[in-house]
Engineer: 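Okay, handing you the structure first.
Just the heavy atoms: all of them, side chains too, but no hydrogens, waters or symmetry mates, feed the values below. Keep in mind the model is a prediction, meaning the values are calculated, not measured.
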Amino acid sequence: MNSADLIRTFLTDRLGVEPAQVQPASLLADLGVDSLMLAELMFEAEDRLGIEIPSDLPLPSTVGDMQASLDFLTTAKTG
């Protein structure tokens, strides 16, 4: 599972977001992601992608920001 699939599946399963709404420019807040849901998404990403998200990581505001952060951490882990 890649980061885009993980984010789309999470938002669809947990918040009932239509998959077509999960676009890189979509604001997480507009999709219903609050601070608690963001934390849950990050924990899910750690588990599914086998990464560790540092506590000082800037909070993403868009789907694209979240995907870029997860992709960076995944690449750093394997690189």
Side-chain angles (χ1 to χ4, degrees):
M1 174 173 281
N2 65 34
S3 62
D5 291 339
L6 181 136
I7 295 166
R8 185 176 302 104
T9 300
F10 181 91
L11 295 176
T12 300
D13 292 351
R14 300 275 174 87
L15 297 174
V17 174
E18 291 295 323
Q21 291 180 284
V22 184
Q23 299 296 321
S26 300
L27 292 172
L28 292 169
D30 289 350
L31 298 175
V33 178
D34 60 14
S35 58
L36 178 60
M37 194 59 61
L38 182 59
E40 287 184 33
L41 175 54
M42 291 180 153
F43 289 135
E44 180 96 5
E46 285 184 329
D47 288 344
R48 299 239 179 183
L49 300 175
I51 58 174
E52 184 174 328
I53 298 176
S55 60
D56 62 348
L57 183 74
L59 295 177
S61 60
T62 67
V63 169
D65 292 342
M66 183 75 188
Q67 186 176 348
S69 294
L70 297 179
D71 289 344
F72 173 79
L73 292 169
T74 302
T75 300
K77 176 191 83 160
T78 58

Engineer: For the residue pair I53 and M42, what are the closest heavy atoms and their distance?
Structural biologist: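 Nearest pair, atom of I53 first, then M42: CD1-O, 3.5 Å.
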
Engineer: For residues 13-22, pull every pair meeting side-chain hydrogen bond (donor to acceptor under 3.5 Å, both in side chains), keeping only residues two or more places apart or in separate chains.
Structural biologist: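 Of all non-adjacent pairs touching residues 13-22, those that pass side-chain hydrogen bond (donor to acceptor under 3.5 Å, both in side chains) are R14-E40, R14-E44.
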
Engineer: Find out if a path of hydrophobic residues (ILVMFWY) with successive side-chain heavy-atom gaps under 4.5 Å connects L36 to L31.
Structural biologist: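 No, no single cluster joins them.
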
Engineer: In the single-linkage hydrophobic clustering (I, L, V, M, F, W, Y; side-chain heavy atoms under 4.5 Å), do F43 and F72 co-cluster?
Structural biologist: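 No, no single cluster joins them.
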
Engineer: Write down the atom of L49, the atom of M1, and the distance for their closest heavy-atom approach.
Structural biologist: CD2-O, 3.4 Å

Engineer: Rounded to the nearest 0.5 Å, how far apart are CG of L28 and CE of M66?
Structural biologist: 7.5 Å

Engineer: So, for Q23 and V63, which heavy atoms are closest and what is the spacing to 0.1 Å?
Structural biologist: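 Minimum heavy-atom contact is O-CB, 3.2 Å.
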
Engineer: If you look at every heavy atom in A45 and L70, which pair is closest and at what distance?
Structural biologist: CB-CD2, 3.6 Å

Engineer: Can you list everything that forms a side chain to side chain contact (heavy atoms under 4.5 Å, CB included) with L15? Sequence neighbours excluded, please.
Structural biologist: L11, V17, V33, M37

Engineer: Could you check whether any side-chain heavy atom of S69 comes within less than 4.5 Å of a side-chain heavy atom of L57, counting everything from C-beta outward?
Structural biologist: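 Result yes, sub-4.5 Å side-chain heavy-atom pair found.
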
Engineer: Do L27 and L59 land in one hydrophobic cluster if side-chain heavy atoms of ILVMFWY residues count as linked below 4.5 Å?
Structural biologist: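 Each belongs to a different hydrophobic cluster.
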
Engineer: Between L41 and L6, what is the shortest heavy-atom contact and its length?
Structural biologist: CD1-CD2, 3.8 Å

Engineer: Please list all pairs passing the side-chain hydrogen bond (donor to acceptor under 3.5 Å, both in side chains) test where one or both residues lie in residues 52-67, with sequence neighbours left out.
Structural biologist: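 Non-adjacent pairs meeting side-chain hydrogen bond (donor to acceptor under 3.5 Å, both in side chains): S61-D65, T62-D65.
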
Engineer: Is there a donor-acceptor contact under 3.5 Å from the side chain of S26 to the main chain of V22?
Structural biologist: no

